[in-house]
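Notes follow the structure.
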Amino acid sequence: MKSVYDVFRERGFIEQITDESQIRDLLEQKSVTCYIGFDPTAASLHIGSLVPIMSLAHLQRHGHRPIALVGGGTGLIGDPSGKTEMRQILTREQIDHNAGCLKKQLSRYIDFNEGGAVLLNNADWLTRLNYIEFLRDIGRHFSVNRMLAAESYRVRLEKGLNFIEFNYMLLQAYDFLHLFRHYHCLMQMGGNDQWGNMVAGIDLIRRMEEKTTYSLTFPLITTSQGNKMGKTEKGTIWLDAELTSPYEYYQYWINTEDGDVARFLALFTFLPMEEIVEVKALTDARLNMAKAVLAFEATKITHGEEAAFEAFEKTAQLFGCRSVETGLFPSSTIPRPDVIGETHIVLLPLSLSALGTSSLPIERRRLEEGIPAFELFHETNLCASRGEARRLIAQGGGYVNDRQFAAFDERIGLGDVDERGEIRLRKGKKRYVILSVR
RNA sequence: GGAGGGGUUCCCGAGCGGUCAAAGGGAGCAGACUGUAAAUCUGCCGGCGAAGCCUACGGAGGUUCGAACCCUCCCCCCUCCA
């Protein structure tokens, strides 16, 4: 059987690693406890945290023990790594709230009832520290000279680094020490920008406990365009279904650039590598099938199979059903042509309001009078202002029920209501709002 | 604490008394081409609108017919010195 190390290696999870051969042996021979920290800077994680999350899930599947550490304590300080500006300091209440939310969210990917996997909050120990004691016990092991030389600080030294942030590294190192002592945690993983902080922890443990620990960093995942993962025109793609609907989530993945499909399948699904390798040979329509598989599998992991299926259906409604050949990705549970033929997906359109996120009520009385198109586009937030709506429609980007508007002030009235009592407004190719008549 | 340099529309960044809703770039939006991809090309890109008006250039005052641009005070950031 493949060790989790092999899995990380072949799926592209590894950027840097402290001691390759030792870590490989360790992960092959016994169950290892390994932790990753998650910053509670927001009430939900987003796609950017998916690589760490997936890595913990892989670890667990291979019999190791993952620790997800929510940074309720370090969040009070703010990590300067990888940031050019000091970040906003959040209040204690915000952090606590966010930490609670992250716990719930992480439970969807990692089973904390199994194999001793734990979810911890470093506020539990960091906020109890005594300053003087901490300086004497921990602080003395840190060389300011070396810290200043660290990449993560060097960047900030040009822009300005606050003392509070300068301490972040010590706290993260202390976390590792704490987890080593109390949970026998031997390895820390994290984004590559965490390298300095992670190594600081290893050093601290070596000095205080005379034991060797390890770390592994993930590459910073960008699209082949060089963009960060999970940022789109509509903002961040969150993992919380309230913030980003499963449908939008699915859409994010199906819009993956050609060159990223194989890499993303490896990182963000559990499909076997033997199947993923095949992607290299795919082009055109069949490459789009691979994107559908990516979208389906990724949505399944985050929102569950049922939600993934719904997103698949909605997508079929809006963009036409392109089913995935039976031979492609046999391990994927995405609906296949034979299944689709028997169900209602193709033939019986769902109520448009079932599209979810964007159904709004509208009063019949208003439609009797007729509403200028640009006003409605503004009102429904399809456009940020009336002016923007005018321009949009004038340029041919506005539609009612798939009919393009001829003029920006064309009136929408009862004649545009379909048999289900709905009006579909569309901006460009992809953005819809459904109005249901009251 | 001292000396100097800065804070401009989503971001970077020009402007330094009227012709500035503010150059240029990026991001974004739409259109064309496509495969719900990329690249490319075109148009748009503060608000309301017919003209025009309103709101904006860190904050508060002031000078002026007129201020993003000049003066005063305050806040914030950077560099050097302590």
Side-chain angles (χ1 to χ4, degrees), chain A residues 80 83-89 154-165 222-237 245 247-265 279-296 298-299 311-325 328 334 355 372-375 377-400 402-409 424-433:
Chain A
K83 299 187 181 58
T84 49
E85 311 256 319
M86 175 152 170
R87 108 173 135 195
Q88 207 190 339
I89 294 185
R154 232 184 7 223
V155 180
R156 286 299 299 278
L157 284 175
E158 287 162 25
K159 276 293 244 179
L161 177 67
N162 202 295
F163 186 65
I164 183 174
E165 296 178 289
T222 54
T223 66
S224 35
Q225 292 296 295
N227 296 320
K228 271 193 182 171
M229 286 294 291
K231 302 285 180 187
T232 69
E233 66 277 3
K234 291 171 85 177
T236 306
I237 303 294
S245 72
Y247 168 72
E248 288 173 275
Y249 191 80
Y250 185 97
Q251 284 293 314
Y252 175 81
W253 292 107
I254 210 164
N255 279 306
T256 296
E257 293 159 33
D258 285 6
D260 293 331
V261 179
R263 195 160 54 104
F264 287 1
L265 279 164
V279 171
K280 290 197 184 70
L282 303 179
T283 55
D284 304 318
R286 298 178 82 226
L287 181 55
N288 279 348
M289 291 177 195
K291 292 184 187 180
V293 170
L294 169 64
F296 185 84
T299 306
F312 175 88
E313 256 186 340
K314 288 171 188 174
T315 297
Q317 293 304 323
L318 287 170
F319 297 99
C321 185
R322 306 211 182 83
S323 57
V324 177
E325 289 171 18
L328 276 178
I334 192 167
L355 287 169
F374 72 97
E375 285 187 14
F377 270 68
H378 174 226
E379 199 177 308
T380 54
N381 280 330
L382 237 22
C383 292
S385 69
R386 291 151 64 97
E388 188 186 314
R390 284 160 179 264
R391 282 180 234 118
L392 171 83
I393 298 170
Q395 289 185 108
Y399 304 79
V400 226
D402 297 326
R403 188 186 93 244
Q404 192 175 46
F405 284 109
F408 72 84
D409 54 356
R424 175 160 57 161
L425 295 182
R426 176 153 64 92
K427 175 188 180 186
K429 284 178 191 161
K430 301 181 190 174
R431 294 204 53 198
Y432 294 85
V433 161

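Scope of the values below: all heavy atoms of this structure, side chains included, with no hydrogens, waters or symmetry mates. In what follows, chains are A, B, ... by sequence order, proteins preceding strands, each numbered from 1.
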For the C1' atoms, the ones on B:rC16 and on B:rC70, what distance do you get once it is rounded to whole angstrom?
10 Å
State the pairing partner of B:rA3; accept Watson-Crick or G-U wobble contacts with both distances under 3.5 Å, and report none otherwise.
B:rU79
Work out how far the C1' atom of B:rG52 is from that of B:rG7, and round it to whole angstrom.
33 Å
Rounded to whole Å, how long is the line connecting atom CD of A:Q395 with atom P of B:rU42?
14 Å
Nucleotide opposite B:rC41 in a Watson-Crick or G-U pair, distances under 3.5 Å:
B:rG31
Treat primed atoms plus P, OP1 and OP2 as sugar-phosphate and everything else as base, then score nucleotides 46-57 of chain B 5' to 3': B for base contact with protein heavy atoms under 4.0 Å, S for sugar-phosphate contact only, - for none.
-SSSS-------
Interatomic distance at P, B:rA68 relative to B:rU9, whole Å
14 Å
Correct closest heavy-atom pair for A:Y250 and A:F312 would be OH-CD1, 3.3 Å
Only pairs with both distances under 3.5 Å count, Watson-Crick or wobble alike; so what is the partner of B:rG24 in this structure?
B:rC12
Which part of the nucleic acid, if any, lies within contact of A:L392, taking any heavy atom under 4.0 Å across all strands shown: a base, the sugar-phosphate backbone alone, or nothing?
sugar-phosphate
Checking all strands, does A:T256 fall into the base, sugar-phosphate, or nothing category for heavy-atom contacts under 4.0 angstrom?
sugar-phosphate
Hunt down the Watson-Crick or G-U wobble partner of B:rG66, both distances under 3.5 Å, from any strand shown, or write none.
none
Using atom C1' of each nucleotide, how far apart are B:rG24 and B:rC71 to the nearest Å?
31 Å
Please assess A:L392 against A:K427 for the test side-chain contact (heavy atoms from CB on, under 4.5 Å), listing each intermediate value before the final yes or no.
CA-CA 8 Å; A:L392 171 83; A:K427 175 188 180 186; 3.8 Å; yes
For A:Y250, answer base if it contacts any base atom (sugar-phosphate contacts may also be present), sugar-phosphate if it contacts only those atoms, and nothing otherwise; contact means non-hydrogen atoms under 4.0 Å.
nothing
Rounding to a whole Å, what distance do you find between A:N255:CG and B:rA38:C1'?
12 Å
In short, A:A292 meets A:V324 closest at the heavy-atom pair CB-CG2, 4.2 Å
Using both distances under 3.5 Å as the test, list the Watson-Crick or G-U wobble partner of B:rG17, or none.
none
Whole Å only: how far is the CG atom of A:D284 from the P atom of B:rU34?
13 Å
Rounded to whole angstrom, note down the C1' distance from B:rG28 over to B:rC12.
15 Å
Pairwise C1' distance for B:rU64 and B:rC74, with rounding to whole Å
23 Å
I need the full list of side chain to side chain donor-acceptor pair (under 3.5 Å) pairs touching residues 279-296 of chain A, with sequence neighbours left out, sorted by first then second residue.
A:D258-A:K291, A:R286-A:E325
List the atom of A:A290, the atom of A:V279, and the distance in Å for their closest heavy-atom pair.
CB-CG2, 4.3 Å
It should be established whether A:Y399 places a side-chain nitrogen or oxygen under 4.0 Å from OP1 or OP2 of nucleotide B:rG31.
yes
Distance between P atoms of B:rU55 and B:rC44 (Å, rounded):
27 Å
In this structure, how many angstroms lie between the P atom of B:rU36 and the CD atom of A:E257, rounded?
16 Å
Whom does B:rC57 pair with, Watson-Crick or G-U wobble, provided both distances fall under 3.5 Å?
none
Base, sugar-phosphate or nothing for A:K427? Non-hydrogen atoms, less than 4.0 Å.
sugar-phosphate
Distance, C1' atom - from B:rA21 to B:rG4, rounded to whole angstrom:
33 Å
What I want to check is whether the side chains of A:S385 and A:E388 have a donor and an acceptor closer together than 3.5 Å.
no
